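Below is one structure, written out as structure tokens; comments come after it.
Since we're looking at a predicted model, the values are computed, not measured.
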Amino acid sequence: MPKVSIIVPVYNAENVIRRCVESVLTQEFTDFELILVDDGAKDSSPAILDEFAAKDDRVIVIHKENEGVSATRNRGIEMAKGYYIQFMDADDWLTEDSTKILVRAAEEYDCDLVVGGFYRVVGEHLAKKNSIDDDSLLTLKEYGEYMMENPADYYYGVLWNKLYKKELIDRYHVRMDESLSFCEDFIFNLDYLYHCEKIRALNVPVYYYVKTEGGLVSQNLNPTRIVQMKLSVFQYYNEFFRDILDEEQYSNERISISKFLIAAANDDMVIPMMPGTRKLGEEKIRASFEGDTGNPLLMAYYTRKLFEKYLNTFAVRHELSLRDAWVFAAVALSGKARFTKSIADFTNMSELAVTASLQMMLLKGVLKQEYVENEMVPVYVPADPQMTKDLQEVLGDMRAVITDGFTAEETLQLNVFIERIDQKIKSLMVEK
């Protein structure tokens, strides 16, 4: 049985479906099934889906008559065999570490729901979007309080930035309401939330969302119909909070709950040149220098780039620049960092830049200073053990990708060789 079932409804998506599917098949996490449900597409999408299924046995294709996206997702749910379910839209794609990050959080905290951030993509630009900025383990009531602050935010309403437990979906028969053409995904989430005790919010993007036509305006619905539909959804939304809050809390929060009626669906804007907006591709770390394999200098270069790739996710999660994340890594890995010169040497930064970074992280509470017995100069140490743990995950991810496909014996031999090489280089380079 696969760990995760990833469900994608497909309708006339011949121009985008390859990017979507390839983002799944190249995930760092590999224990999944990809369920592609063809909703009676009239273009070449069905043939493209069959092509992927013929090449990868993790891909399952279902062809059916056109019934709409809700019925199509329900068909995928019925077919799913995974312990967890992840949803996608055919226009979009996953970050390379999406499923790994979601599953890791779910298993570490035994969560019923994991919610991540996402990248909003407009043309060649993107911006990171998140509504709960801290990595948090929340109760249902705590999550509901966040939702009341911005009830129409895409972060809460959509399916594609979340990881669900299949067992809860099946036990309580949570399904998409096929009679709705508005907020059906939001209603699904409310139905599912009723049965959640622990929810993990992650301050890291797991999805690339490309907005396409398909909202209420493009459905040619008249204003009266739109109001009626929103009132209908509000009744459901209001009842949800009446159930999860006690009487006094519900009474105190009625104004906040009523915000739903005037809130507009919000995924925020992406404006070139504005803070937080970047060119598509700049959010990734890539190696741009090429050369002959087997060269020790190139291996050192690629190893550093690989570390930066995983460190970049760490930086995004903890609201640090990549440069600050390098400084944090130097402090955490040293265990006794007290002089900017040694940190500058490790990070390949100037002492002035290191000093500025250290001071910034002290002010933010990322680092703290401690005095060691018989020492006059304080040492820098991480202030939050969770950040140190997350950094160890970065190193673990590096080791995992390097040794992927190795036998246990080969991995052991590699570790022995790395230790011997490390000792030899240290003997030549470390000041006596």
Side-chain angles (χ1 to χ4, degrees), residues 4-11 13 16 20 23-24 37 68-70 72-74 76-77 84-95 98-99 101-102 105-106 111-122 126-132 138 143-144 146-165 169 174-178 180-194 196 199-219 229-230 233 236-237 240 260 263-270:
V4 182
S5 296
I6 301 174
I7 299 171
V8 186
V10 182
Y11 181 75
V16 292
C20 172
S23 78
V24 178
V37 189
V69 67
S70 291
T72 303
R73 287 189 177 123
N74 284 341
I77 291 171
Y84 299 106
I85 286 184
Q86 190 175 1
F87 293 98
M88 293 181 68
D89 288 343
D91 311 90
D92 308 330
W93 68 100
L94 299 177
T95 63
S98 173
T99 306
I101 288 173
L102 292 170
C111 299
D112 301 311
L113 179 69
V114 183
V115 187
F118 60 95
Y119 289 117
R120 170 75 160 85
V121 181
V122 176
L126 58 73
K128 177 193 170 191
K129 306 299 178 183
N130 216 38
S131 290
I132 302 178
L138 306 169
Y143 185 78
Y146 276 110
M147 188 161 57
M148 277 189 285
E149 294 175 7
N150 198 355
D153 196 311
Y154 270 42
Y155 178 87
Y156 301 106
V158 296
L159 305 172
W160 35 252
N161 64 332
K162 301 174 178 70
L163 187 74
Y164 305 84
K165 277 186 177 177
I169 289 176
V174 181
R175 293 292 187 272
M176 306 296 299
D177 188 333
E178 298 177 20
L180 294 176
S181 57
F182 169 58
C183 279
E184 67 278 4
D185 45 1
F186 186 45
I187 296 298
F188 178 94
N189 280 322
L190 291 180
D191 276 344
Y192 184 84
L193 282 168
Y194 269 113
C196 293
I199 301 166
R200 179 71 168 163
L202 300 176
N203 186 30
V204 61
V206 297
Y207 195 84
Y208 290 90
Y209 161 63
V210 182
K211 188 166 187 176
T212 55
E213 292 299 322
L216 291 178
V217 175
S218 64
Q219 293 177 30
M229 291 170 68
K230 195 153 191 175
V233 174
Y236 206 101
Y237 177 77
F240 170 78
F260 180 84
N266 177 35
D267 65 339
D268 293 329
M269 300 179 68
V270 176

Quick check, are the ring centers of [X] and [Y] under 6.0 angstrom apart?
| X | Y | result |
| --- | --- | --- |
| Tyr164 | Phe188 | yes |
| Tyr156 | Tyr143 | yes |
| Tyr208 | Phe118 | no |

Derivation of the side chain to side chain contact (heavy atoms under 4.5 Å, CB included) call for Tyr155 and Tyr146: CA-CA 11 Å; Tyr155 178 87; Tyr146 276 110; over 6 Å; no
Nearest heavy-atom neighbours spanning [X] and [Y]:
| X | Y | value |
| --- | --- | --- |
| Cys111 | Ala105 | SG-O, 3.9 Å |
| Lys162 | Gly157 | NZ-N, 4.3 Å |
| Leu163 | Ala106 | CD2-CB, 4.0 Å |
| Cys20 | Ser23 | O-OG, 2.7 Å |
| Tyr84 | Lys165 | CE2-CG, 4.0 Å |

Rounded distance [0.5 Å steps], [atom1] in [X] versus [atom2] in [Y]:
| X | Y | atom1 | atom2 | value |
| --- | --- | --- | --- | --- |
| Ile132 | Leu202 | CD1 | CG | 10.0 Å |
| Glu178 | Glu184 | CD | CD | 10.5 Å |
| Ser70 | Asp177 | OG | CG | 7.0 Å |
| Cys196 | Asn189 | SG | CG | 9.0 Å |
| Ile7 | Met88 | CD1 | CE | 12.0 Å |
| Thr72 | Ile77 | OG1 | CD1 | 11.0 Å |

Evaluation steps, side chain to side chain contact (heavy atoms under 4.5 Å, CB included), between Ile85 and Val4: CA-CA 6 Å; Ile85 286 184; Val4 182; over 6 Å; no
Salt bridge (charged side-chain N to carboxylate O under 4.0 Å, His left out) partners of Lys128, counting only residues at least two apart: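 Applying salt bridge (charged side-chain N to carboxylate O under 4.0 Å, His left out) to Lys128 gives Glu319.
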Check: Tyr207/Asp89 side-chain N/O donor and acceptor closer than 3.5 Å: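 Their side chains do not contain a donor-acceptor pair, so the 3.5 Å distance test is not met.
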Thr99-Gln86 side chain donor-acceptor pair, cut-off 3.5 Å: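 On atom types as modelled, these side chains qualify, holding a pair under 3.5 Å.
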Is there a donor-acceptor pair under 3.5 Å between the side chain of [X] and the backbone N or O of [Y]?
| X | Y | value |
| --- | --- | --- |
| Asn161 | Gly116 | yes |
| Ser98 | Val206 | yes |
| Lys129 | Pro205 | no |

Check against salt bridge (charged side-chain N to carboxylate O under 4.0 Å, His left out), Asp112 and Arg200: CA-CA 8 Å; Asp112 301 311; Arg200 179 71 168 163; over 6 Å; no
Is [Y] close to [X] at the side-chain level, that is, under 4.5 Å between some pair of heavy atoms?
| X | Y | value |
| --- | --- | --- |
| Val24 | Trp93 | no |
| Met176 | Leu159 | yes |
| Phe186 | Val158 | no |
| Val69 | Tyr11 | no |
| Asp185 | Phe87 | no |

Sole residue of Asp153, Val115, Asn203 in side chain to side chain contact (heavy atoms under 4.5 Å, CB included) with Asn130: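 Of Asp153, Val115, Asn203, side chain to side chain contact (heavy atoms under 4.5 Å, CB included) with Asn130 is met by Asn203 alone.
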Criterion side chain to side chain contact (heavy atoms under 4.5 Å, CB included) on Tyr119 and Tyr209, from CA distance to verdict: CA-CA 6 Å; Tyr119 289 117; Tyr209 161 63; over 6 Å; no
